[in-house]
Number of protein chains: 2
Amino acid sequence: MSDATPGLTPEELGAYFALVEVSNVLQYAVDAHLRAEGDLSYLQFQILARLTDTTGGRLRMTDLADGLVHSRSGLTYQAGLLDARGLITRSPSPDDERSVLVTVTDAGRALVARVLPGHVADVRRLLFDPMAEGDLAALSEVLGRVRQHMRATPPRSAKPRAKGRRKS
Amino acid sequence: MSDATPGLTPEELGAYFALVEVSNVLQYAVDAHLRAEGDLSYLQFQILARLTDTTGGRLRMTDLADGLVHSRSGLTYQAGLLDARGLITRSPSPDDERSVLVTVTDAGRALVARVLPGHVADVRRLLFDPMAEGDLAALSEVLGRVRQHMRATPPRSAKPRAKGRRKS
DNA sequence: TATTGTTATACTCTATAACTATA
DNA sequence: TATAGTTATAGAGTATAACAATA
């Protein structure tokens, strides 16, 4: 990709590769830790963490799916696993009978609490320890800008909402 | 995770989440484009790109695997797919009969060439367009430091080289 | 008719272990 | 014995489509 890269300077290319590599190594390490420590995938941890971080510890499936998963059936699958382990419960919403309320159980909260310190330690060791003065602020600013732009720009041919949507 | 995050400041947590989110959205978009445009996964594209970027267009399986894949069988699997599509060829190395030399075919090069502009355009649009003056340099510097540290620090309980290694 | 969620199914990918062959 | 690679196999995860129920 050295010469054959129209449109990206070597520095841009390097930054792109560094971003992907750093993020991948980080996620791989974190995922390994979560599996070893709590038998949780990163995704499962994120589901629990998001619930734990919500007042009441409950969310609708749809709200929970947002940003975590690309298909609704994927969330159903993962929720099924967490449910089977007693980490969450599911019950129909009183407001809207179509909805399902997902609630973290005490066991779920306990597992998050048990796993979190190591998780955080991994992130600190891999991501923040090597940083120099000012790096954190710089990184936050740049990534914040990029993220904001990404969120404002649904992935070009994004799946707006519902079901079928083909390039046809 | 708001209150229950010992050891990470809110800003650190935000930077961590932003990093993961930005990288994931980027990779998801790029992967989708590669599949639509060339029926290639990101991993397959990286294999081809790495070969294309090598003098002679050939590498040993082992060298090729480095950094791309976590198990040797994974690379064999992917190489099998690319081979079946005529994008690479595999042949025993003349130097070391145990080794396999992987070579990009013309078709492989052509496919990379066809897919690259769109790939690069995606990266530019998602990652670099929203950046402000100086952002690129800042990002490169921070990530470069982090990456260097990661490479120097094999993931704690890394798989040093060979086969079996269990927590037992 | 649109929305919420589940299920069935098929497929992709990954990883471990066993195996072959060469050094 | 160690290294390079393949294969068998099994498991985890994902996505699409069909479905049921409620709004």
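Because the structure is a prediction, the values reported are computed rather than measured. Residue numbers begin at 1 in each chain, while the letters A, B, ... track the order of the sequences.
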### Summary
B:Arg35 meets the side chain to side chain donor-acceptor pair (under 3.5 Å) criterion, sequence neighbours left out, with B:Asp31

To the nearest angstrom, how far is [X] atom [atom1] from [N] atom [atom2]?
X	N	atom1	atom2	value
A:Asp66	C:dT3	CG	C1'	16 Å
B:Leu40	C:dC13	CG	P	11 Å
A:Leu75	C:dT7	CG	P	13 Å
B:Ile47	C:dC13	CD1	P	11 Å
B:Asp31	D:dT14	CG	P	13 Å
A:Arg72	C:dA2	CZ	C1'	11 Å
B:Asp83	D:dT7	CG	P	11 Å

Side chain of [X], backbone of [Y]: donor and acceptor closer than 3.5 Å?
X	Y	answer
B:Thr105	B:Leu87	yes
B:Arg147	A:Glu21	no
A:Arg114	A:Glu37	yes
A:Arg90	A:Val100	no
B:Gln78	B:Leu75	no
A:Thr9	A:Glu12	yes

#### Entry: Nucleotide nearest A:Arg60 when distance is taken to its side chain, options D:dT6, C:dT7, C:dT4
C:dT4

### Query
Side chains of B:Ser23 and A:Ser23: do they bring a donor and an acceptor to under 3.5 Å?
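Present: a donor and an acceptor within the cut-off.
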
### Message
Base, sugar-phosphate or nothing for A:Ser99? Non-hydrogen atoms, less than 4.0 Å.
### Response
sugar-phosphate

### Message
Is B:Arg90 close enough to D:dT6 that one of its side-chain N or O atoms is under 4.0 Å from OP1 or OP2 there?
### Response
yes

### Query
Phosphate oxygens OP1/OP2 of D:dT14: is one of them under 4.0 Å from a side-chain N or O of A:His70?
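Negative; the distance criterion is not met.
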
### Query
Do NZ/NE/NH1/NH2 and the carboxylate oxygens of B:Asp53 and B:Arg50 come within less than 4.0 Å?
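Looking at B:Asp53 and B:Arg50, the cut-off is not met.
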
## Note on the structure
A correct 5'-to-3' footprint of nucleotides 8-13 of chain D, with B, S and - meaning base, sugar-phosphate only and no protein heavy atom under 4.0 Å, is ----SB

So which protein N/O to nucleotides 21-23 of chain C N/O distances come out below 3.5 Å?
from: C:dA23; atom 1: OP1; to: B:Glu97; atom 2: N; distance (Å): 3.2
from: C:dA23; atom 1: O4'; to: B:Arg98; atom 2: NH1; distance (Å): 3.4

